[in-house]
Amino acid sequence: MKHLRNSAYLLLALLVAAPLAAQQSAPLDIVPLTPIRPSPIEIEAIADELAVPETLAPAGLPELIDAATGEDAAIEVESVEVEVGMGQARNPEAVGLLEEAEGGFPYDMWRGSDRALIERLLPRLPAGATSRAMNDLARRLLLTVAAPPGGPMEENLLAIRIERLAAMGNSVAMNRLMRSAPPDLYDTALVQTRLDSLLLIADYVGACSLARDLVRRDDAPYWEKVLIFCQALNERHDAAALGLSLLRERSVEEDPGFDLLIRALAGDESAKLESLPSPTALHLSMLRAARLSVPEDAVEGAEPAIARAIALTAGVSLDFRLRAAERAEALGALPTETLAELYASVPFTSEELAYPWRRLKTDKGPMARALLQQAIAIQVVPAARAEVLRAAWQLGGEQGGWDGFATAARVTLSELLSLRPLPELVWIAGDAMRALLAAGRPDMVGGWLELATAQAGANAKAAAAVAELSPIIGLADDGDAAAWDDDRFLAWRQSQNGVPEDVRRLRTAMLFGLMSALDRKTPPLALLTLLDGPEVTWVKTPPPALMRQLDRAADEGRIGETVLLALVALDETRNGAPSPMTLSAAVSALHRVNLSAEARAIAIEAVLSREF
């Protein structure tokens with residue numbers, strides 16, 4: 001089945017929700033817990049999620065859930081006026097939010113690209129990457145005002161872009177871009193995106209209106225499941241049970257969570273949902289309506305939008321919200337500032353803040369990370385602040401690997417930047433440099449590198465930090481001022497003592513490939529080391545045809561296609577962790593289309609992530 005249905009035309013007014021000021025049953029409180037004050041980004045995000053685009057609002061509202069009389073008041077949000085950047089855009093598919101001068105790509109970024117190829121690959125744009133550099137490239141690609149590629153139109157690129165933004169959890173941009181969609185555009189994925197967004201904010205009136213109209217058009221199981229949910233909300237349990245029975249007769253893929261939640265909504269007190277490894281927007285909306293807790297395993301495999309929704313749901317336990325917020329932040333679906341605010345909202349005693357180490361003996365979870373975050377802020381002695389900072393980074397890495405370390409580095413960035421690289425803090429220089437690189441601030445590494453270099457002769461840990469990190473820092477050096485010669489390569493190899501030889505060879509191959517991809521000088525000894533050892537066989541790599549197309553697109557300067565192909569090639573969810581060859585090919589391609597800063601950022605993230 002195609003990812004997206006061929007475009008057809010219908011008045012989209014039949015497919016869209018009613019104004020959200022209508023009374024609804026038990027609406028979802030998508031706001032942070034008191035006493036958090038949402039950051040400006042989050043206030044804007046919440047308003048955008050709840051606002052219905054005026055161009056998509058229906059003229060009237062059919063009678064729907066007449067029995068829905070929940071205790072909670074309906075959510076009312078003032079309409080947010082958004083100016084969608086049109087610029088040079090004339091074709092409806094060309095609309096976007098970013099002009100080139102605002103951080104987007106050139107208007108002709110698809111010039112020379114084959115439309116059929118772009119239509120096939122754009123739905124595969126990674127939506128669950130934990131790489132900040134990759135997520136930023138994907139966001140810019142989807143939001144750029146750009147003429148579509150030439151060729152016969154089979155699928156609507158604007159609809160694909162909106163769907164991908166939703167999958168990434170970028171609801172603000174999704175709704176802004178959706179406002180620019182032609183009113184007569186009908187697309188299955190686009191409509192499901194809108195339906196899911198209504199479910200996530202518990203706009204039951206809008207979601208049920210949309211689902212009822214969709215069922216009239218086709219018999220897709222998802223529309224019918226939403227309609228069955230609506231019948232249960234309306235206390236029409238016999239109709240809901242009949243609908244569920246009909247779904248089973250059609251051999252629709254089983255969804256035990258959905259079946260159990262329908263029972264719970266019918267008043268079955270024995271219906272307790274213990275597990276939900278792959279939660280959907282419909283599942284979350286049903287849990288909210290049934291007033292049931294979100295299962296413990298729902299966060300681990302949650303998609304970006306779902307993790308974000310759990311994190312911003314006030315009815316969920318604070319520990320669970322923090323876990324969801326950490327995942328959403330790692331996936332780029334939640335601003336780091338919001339995670340910091342959630343950490344700050346956790347109540348701790350003055351004794352706990354003064355002696356956070358006591359809790360760390362028994363608690364390694366998100367509450368412990370919140371405690372460390374608060375403890376950092378009250379430290380006035382530089383050495384004490386450095387000690388708590390390092391504990392926060394170590395805890396993040398121990399519990400969450402690279403993703404956990406990177407999140408900890410980003411959330412503590414302001415505190416780290418306030419810490420001067422003093423001689424008495426040389427013991428934290430290596431950790432500080434790693435954290436700055438992980439947080440995307442290689443420009444601030446210099447002071448700590450100078451400190452470690454100056455004391456390397458008398459301090460073995462400082463010398464090891466310089467040897468181990470200099471080549472990685474060199475990836476961020478635009479002027480190639482720090483050449484990686486044979487002596488520095490040997491020092492780096494020695495800093496890897498204790499690491500299994502196959503891992504050392506992998507890291508050597510990765511550094512060598514990335515240095516070459518960025519046109520850096522590479523030490524001959526590194527190449528000889530790679531040639532002398534056993535060959536490495538990679539289990540999964542992107543298709544050779546895709547990699548050849550990437551190389552050709554970069555050579556011919558097709559920016560949009562190069563970015564798209566590079567991100568698809570680096571998608572770990574499809575191909576596993578990229579091999580040094582795949583990684584260097586993608587970095588080289590981006591570097592050759594003048595996206596060198598982005599290429600360097602991806603390279604640094606890739607090398608650092610292999611340490612965990």
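Position 1 is the first residue of the sequence; numbering continues from there.
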Quiz item: Ser275: what forms a side chain to side chain contact (heavy atoms under 4.5 Å, CB included) with it, not counting sequence neighbours?
Solution: Pro277, Asp297
Practice problem: Mind checking the OG-CZ spacing from Ser285 to Phe229? Nearest 0.5 Å is all I need. | Solution: 4.0 Å
Self-check item: Whether over 12 other heavy atoms sit under 6.0 Å from Lys364 NZ
Solution: yes
Self-check item: Atom pair CG/CG of Leu312 and Leu334 - distance to nearest 0.5 Å
Solution: 5.5 Å
Self-check item: Gap separating the CZ atom of Arg327 from the CZ atom of Arg323, nearest 0.5 angstrom
Solution: 11.0 Å
Quiz item: Hey, are the side chains of Leu195 and Tyr222 touching, using non-hydrogen atoms and a 4.5 Å cut-off?
Solution: yes
Quiz prompt | Lys/Arg N to Asp/Glu carboxylate O, Glu329 vs Arg132, below 4.0 Å | solution = yes
Quiz item: Is it true that Lys225 and Asp255 have a side-chain N and a carboxylate O under 4.0 angstrom from each other?
Solution: yes
Quiz item: Between Arg194 and Glu163, does at least one N-O distance fall below 4.0 Å, as a salt bridge requires?
Solution: no
Self-check item: Thr412 (side chain) donor-acceptor with Ala408 (main chain) under 3.5 angstrom
Solution: yes
Practice problem: Check whether any side-chain heavy atom of Glu224 lies under 4.5 Å from a side-chain heavy atom of Arg250, and answer yes or no. | Solution: yes
Quiz item: Within a strict 4.5 Å, meaning less than it, do heavy atoms of the Asp571 and Met134 side chains meet?
Solution: no
